[in-house]
Amino acid sequence: MHVEIFHASKFGNGEQVAKELQKVLVSRGAEAEVHHIRDVNPKKLPSADLYVFSSPTRIGKPLRGARRFAAKVRLPAETKYAFFATHGAPRPDKRTGRMPTSEEMAKWQRTTSVMEETFDSIGLIKMADMTFYVTGIRGPLEEGWRSKVASFADRILPP
Ligand SMILES: Cc1cc2nc3c(=O)[nH]c(=O)nc-3n(C[C@H](O)[C@H](O)[C@H](O)COP(=O)(O)O)c2cc1C
């Protein structure tokens, strides 16, 4: 199994997840490569059995560069993919101490659904998605992220 992983990490957290995922997949006998989207032509992606895409979040949506990249991807219909988003961890309101409701959180967490729409429109098939949280804008990743990567890998390539 050959997996190509594309991330759009700005502060390095998404890149860390991508590299850990690569490590897990390789330990399970797959071949896996990691690329930043800026180094790749979305119209000429290397061939693979499965593609993993990823984006950080800006005002509830994928980074603009990641959206543009996704819109230019040319892959045959029914190609398999997985997606992971990185998000700021939900925090209590500084003034009231109240945690955001699930509706409020959904507003700031549309990264996966926006990307899914784009990939759906060209007929790709989603195998898995996962959300990874950072505790500050620039990180670090929330505790337990490595075991989350392992669960994500389970859905791409069962152990
Ligand atoms: C200007 C700005 C806006 C952001 N807006 C959101 C947001 O709406 N929702 C969210 O979950 N995270 C938001 N974040 C946090 C990012 O998701 C976080 O920085 C990113 O996932 C870290 O990933 P990276 O290290 O791979 O770049 C924002 C960060 C910045 C700098």
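Note that the coordinates shown come from a computational prediction; the quantities given were computed from them, not determined experimentally. For ligands, and for the atoms within them, numbers begin at 1 and follow the listed sequence. Below, each value reflects all heavy atoms present in this structure, side chains not excepted, and no hydrogens, waters or symmetry copies.
Nearest protein heavy-atom contact of atom 9 (N) of ligand 1 is Trp108 O, 2.9 Å. Protein heavy atom nearest atom 21 (O) of ligand 1, with residue, atom name and distance: Thr86 OG1, 2.7 Å. For atom 12 (N) of ligand 1, the closest heavy atom belonging to the protein is Gly88 N, 3.1 Å. The nearest protein atom to atom 29 (C) of ligand 1, hydrogens excluded, is given as Arg58 NH1, 3.6 Å; this is a heavy-atom distance. Given atom 26 (O) of ligand 1, the protein heavy atom at minimum distance is Ser9 OG, 2.5 Å. Scanning the protein for heavy atoms near atom 5 (N) of ligand 1, the closest one is Ile59 N, 3.1 Å. Here the protein heavy atom with the shortest distance to atom 11 (O) of ligand 1 is His87 ND1, 2.9 Å. Ranking the protein heavy atoms by distance from atom 25 (O) of ligand 1 puts Asn13 ND2, 2.6 Å first.
With hydrogens and angles ignored, the 3.5 Å screen pairs no side-chain donor or acceptor of Ser54 with any backbone N or O of Ala85. With hydrogens and angles disregarded, a donor-acceptor distance shorter than 3.5 Å links the side chain of Arg28 to the backbone of Leu157. In this structure, Arg155 contributes its side chain and Phe152 its backbone to no donor-acceptor pair below 3.5 Å.
Of all atoms in ligand 1, listed by their number and element, those nearer than 4.0 Å to a heavy atom of Lys10 are 24 (P), 26 (O), 27 (O). With ligand atoms numbered from 1 in the order given, ligand 1 contributes 19 (O), 24 (P), 25 (O), 27 (O) to contacts under 4.0 Å with heavy atoms of Phe11. If you number the atoms of ligand 1 from 1 as listed, the ones under 4.0 Å from a heavy atom of Pro56 come out as 20 (C), 21 (O), 23 (O), 27 (O).
With Phe6 as reference, Phe53 is the one residue of Tyr81, Phe119, Phe53 to meet the ring pair (Phe, Tyr, Trp, His ring centres under 6.0 Å) rule.
Residue nearest to atom 6 (C) of ligand 1, selected from Val134, Thr57, Thr111, Ile137: Thr57 (by heavy-atom distance).
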Trace of the side-chain hydrogen bond (donor to acceptor under 3.5 Å, both in side chains) decision for Thr111 with Thr57: CA-CA 6 Å; Thr111 305; Thr57 303; 2.7 Å; yes
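Other residues, nucleotides and ligands contribute at most 12 non-hydrogen atoms within 6.0 Å of the NZ atom of Lys19. Within a 6.0 Å radius of NZ in Lys126, other residues, nucleotides and ligands contribute more than 12 heavy atoms. Applying the 6.0 Å contact sphere to CZ of Arg58 captures more than 12 heavy atoms from other residues, nucleotides or ligands. Within 6.0 Å of the CD atom in Glu104, the count of heavy atoms belonging to other residues, nucleotides or ligands exceeds 12.
Geometrically, ligand 1 and Arg138 share no nitrogen or oxygen pair separated by less than 3.5 Å. The distance criterion of under 3.5 Å between nitrogen or oxygen atoms is met by Gly60 with respect to ligand 1. Polar contact check, Gln109 against ligand 1: no nitrogen or oxygen pair lies under 3.5 Å apart.
For Gly12, the closest heavy-atom approach to ligand 1 falls below 4.0 Å.
Both tests do not hold together for Lys80 against Tyr51: distance to the six-membered ring centre under 6.0 Å, angle to the ring axis within 45°.
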